[in-house]
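Position 1 is the first residue of the sequence, and the numbers go up from there. Note that ligands are numbered from 1 as they come in the structure, with each ligand's atoms numbered from 1 the same way. For the numbers below, each heavy atom of this structure counts, side chains included, while hydrogens, waters and symmetry mates do not. As the structure is a computational prediction, the values presented were derived from the model and not from experiment.
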Amino acid sequence: MDQQALQTPIAYLKGVGSSRAEILKKELGINTFGDLLRHFPYKHIDRTRFYKVREIDPELPYVQVLARLTYFEIVGDKRVKRLVAQAKDETGTIELVWFQGVRWIEKYLTIGKVYILFGKPGEFNGKPQMAHPEMELYSPEALKQKGNMTLQPAYSSTEKLKQFSLDSKGIQKLMAALLDQHGSDIQENLPQYLLNQFRLMARPDAYRNMHFPADAVSLNEAQHRLKFEELFLIQLKLLKNKLLRVQKFKGHIFQNVGEYFNTFYNERLPFALTNAQKKVLKEIRQDTQRGVQMNRLLQGDVGSGKTVVALMSMLIAIDNGYQACIMAPTEILANQHYQTIRSLVGDGLVEVALLTGSTPKKIRKILHEQLESGQLKILIGTHALIEDKVQFQNLGFVVIDEQHRFGVEQRSKLWRKNSIPPHVLVMTATPIPRTLAMTLYGDLDVSVIDELPAGRKPIETLHFYESQRLRMFGFMKQEIAKGRQIYVVYPLIQESEKLDLKNLQHGIEILRKEFPLPDYQISIVHGKMPAKDKDFEMQRFVKHETQIMVATTVIEVGVNIPNASVMIIENAERFGLSQLHQLRGRVGRGAEQSFCILMSSHKLSYDGRIRLDTMVKTNNGFEISEIDLQLRGPGDIEGKQQSGVLDLKVADLVADQQLLLQARKCVEDIFARDPQLALPEHQILHQAFLKNAGLTWDKIS
Ligand code: ADP
Ligand code: MG
């Protein structure tokens with residue numbers, strides 16, 4: 001877009017002025033000509049055809065009818081007057097009614113004349129009706145006039161805007177004026193050869209047709225063009241960043257595999273690695289020998305064994321004289337990692353410590369010293385790792401667990417903990433859909449663990465209704481008698497925390513009656529408890545002093561207790577799919593057959609039913625994540641606000657997956673051929689990158 005003209009403050013557009021400019025800014029965030037142009041209609045109203053009266057269906061959003069006025073009358077008393085009328089074509093009669101502007105409209109009506117009627121159809125007494133239709137006297141000229149026989153844009157507006165006559169119609173007028181006066185300032189930002197190759201509409205035409213399409217096909221092409229552009233520019237930014245990082249950031253070189261790794265591998269590793277784990281380790285090994293900073297996303301289903309891969313990578317770092325850290329999104333998770341890692345390498349092999357918000361000052365101080373002296377090799381913690389004034393002697397490897405809760409910005413803060421940035425391994429809790437990964441983490445390399453450790457019995461998932469509760473209790477007793485432990489999880493939703501807590505307490509009472517002391521012991525963990533009580537209760541369960549753990553979603557991620565083989569999820573219909581899958585992943589970690597029981601009420605929404613059916617049907621997290629994306633749309637996916645890149649204006653990550661893959665491939669090809677975008681035909685992209693990515697050429701956001 002022409003920087004100058006389209007950056008003009010909106011107040012300078014004819015018909016706007018200062019007070020309307022103010023309200024446009026406040027209500028819609030429209031500051032400039034360009035902003036207004038990008039206020040796309042949320043739909044178009046089809047005025048390309050006339051309906052016959054008989055075809056009118058109240059379900060239709062809008063209809064246009066050609067009919068002859070046969071009757072009208074003002075009814076009601078002085079205060080509540082209304083104008084009723086009838087019009088007729090060869091197929092039937094339609095009722096018209098006005099409650100406002102009665103006098104004014106009356107003047108306009110002549111019985112026997114033909115009118116173009118336009119409005120939202122309704123029904124009255126079983127007959128078609130239209131309230132407040134737009135009316136225009138029919139003539140061949142009127143048909144040719146703007147507005148008729150086209151797709152009319154409908155713009156979102158607000159009550160405030162309407163007070164300034166900026167309803168959809170008002171905005172439409174501004175848009176028409178803007179396109180008339182400045183349409184030619186819109187500039188192309190994709191190379192001609194791409195337009196040819198992908199048959200894309202030129203940019204100025206696309207903008208015009210987004211608002212005032214010549215016909216439905218043009219509207220489609222305009223949308224296609226702008227969607228492609230949007231996805232393409234995001235990929236351009238992500239992949240360019242990746243290239244820049246490679247050029248700019250040197251990486252520590254982990255030359256050797258030494259003592260630490262070998263001792264662990266030969267003497268401590270309690271199982272054989274899966275082929276998938278080996279493959280990923282090899283990828284990491286290659287990355288960390290190239291002299292370039294690694295940025296890798298590790299995708300793997302729950303229970304696929306990402307932790308041990310992370311640990312072994314850290315050991316290689318330590319073998320080469322570096323320190324490593326793991327950052328987790330919650331204290332419980334950080335604690336869990338700490339326990340796991342300590343149990344694997346703690347006793348004498350590697351110095352490991354935990355740092356979270358609740359680490360006492362005294363201990364913190366000691367930790368700081370040990371970090372700076374290099375004595376401490378692995379630090380595990382929460383955000384405290386970034387916020388805290390933690391200084392490493394030589395940080396070489398960073399693991400970020402369950403990354404989608406951290407922002408890009410936080411990631412890069414960790415990089416700055418050393419003059420040469422550490423290698424970064426990002427792990428997600430459950431797989432995320434491919435297209436989403438491509439946009440959220442498009443600048444990272446991806447490793448996938450697509451195989452579960454051998455001997456795992458697939459978790460059996462059952463869906464029980466409330467009426468089957470007694471059967472469930474019976475099942476629980478049976479499993480406990482076999483020596484198993486059981487999770488019972490309740491939903492916790494921020495908005496109704498009180499209600500949820502009540503729900504939880506009610507559930508506990510019933511459980512206590514069904515599972516009385518002293519035969520049964522129950523641990524309880526919920527979000528409102530002090531950390532040390534939580535920990536105490538967790539530990540009782542870990543030590544198998546209790547058989548049942550009742551919890552809110554605090555155990556959602558990362559907890560690893562192999563003897564717990566039954567997961568019961570209460571009000572399962574209230575959880576999202578990926579959450580359900582996460583929770584289910586807490587069991588199935590030992591040798592025993594595990595179960596997941598989804599409890600729900602009989603009343604289920606359409607989506608709720610699909611979620612539960614999906615859970616019963618499949619254990620595959622990759623499959624589940626795709627279904628989740630389709631159900632929820634990317635808007636709901638955690639972490640999207642922080643990422644910024646998912647702020648899509650025209651494209652849709654669910655509907656436009658193919659287009660995204662195309663755009664990604666296209667950018668990859670361009671960079672393979674011309675990484676600097678130095679070719680003359682790519683000058684235009686270079687410019688687009690600078691403008692749209694908001695970056696200067698040699699800086700990284
Ligand atoms: P996630 O990928 O969900 O983080 P974890 O790393 O917590 O999975 O691993 C889940 C469980 O599987 C742990 O108890 C871990 O010790 C075990 N595990 C990991 N790799 C293997 C393997 N190759 N063979 C057997 N068990 C394994
Ligand atoms: Mg994990």
Below 4.0 angstrom from a heavy atom of V302, which ligand 1 atoms are there? Numbered from 1 as shown, please. 3 (O)

Strictly by modelled atom types, are S594 and S565 linked by a side-chain donor-acceptor pair under 3.5 Å? no

Would you check if the side chain of D319 reaches a backbone N or O of G258 as a donor-acceptor pair within less than 3.5 Å? yes

Part of D301 within contact of ligand 1 (heavy atoms, under 4.0 Å): backbone

Is there a heavy atom of G303 sitting under 4.0 angstrom from any atom of ligand 1? yes

Please check if the distance between the ring centroids of F392 and Y322 is under 6.0 Å. no

Relative to ligand 1, is A272 under 4.0 angstrom through side chain, backbone, both or neither, heavy atoms considered? backbone

Short list, please: which atoms of ligand 1 are under 4.0 Å from a heavy atom of T274? 23 (N)

Compute the ring centroids of H252 and F397, then answer whether they are less than 6.0 Å apart. no

Numbered atoms and elements of ligand 1 in range of L273, under 4.0 angstrom, heavy atoms: 23 (N)

G305-ligand 1 polar pair, N/O distance under 3.5 Å: yes

Ligand 1 versus K306, non-hydrogen atoms closer than 4.0 Å: side chain, backbone, both, neither? both

Answer yes or no: is there a donor N or O on one side and an acceptor on the other, between the side chain of R434 and the main chain of F622, under 3.5 Å? no

Does the side chain of N394 pick up a donor-acceptor pair with the side chain of Q323 at under 3.5 Å? no

Give the contacting part of T307 toward ligand 1: side chain, backbone, both or neither, where contact means a heavy-atom distance below 4.0 Å. both

Strictly under 4.0 Å, does any heavy atom of R456 approach an atom of ligand 1? yes

Report yes or no: does S523 contribute a side-chain atom to a donor-acceptor pair with the main-chain N or O of E537 at less than 3.5 Å? yes

Heavy-atom distances under 4.0 Å decide this one: backbone, side chain, both or neither, for Q277 against ligand 1? side chain

Less than 4.0 Å is my threshold; does some heavy atom of G300 fall inside it relative to ligand 1? no

Tell me if a side-chain donor or acceptor on R296 pairs with a main-chain N or O of V424 at a distance below 3.5 Å. no

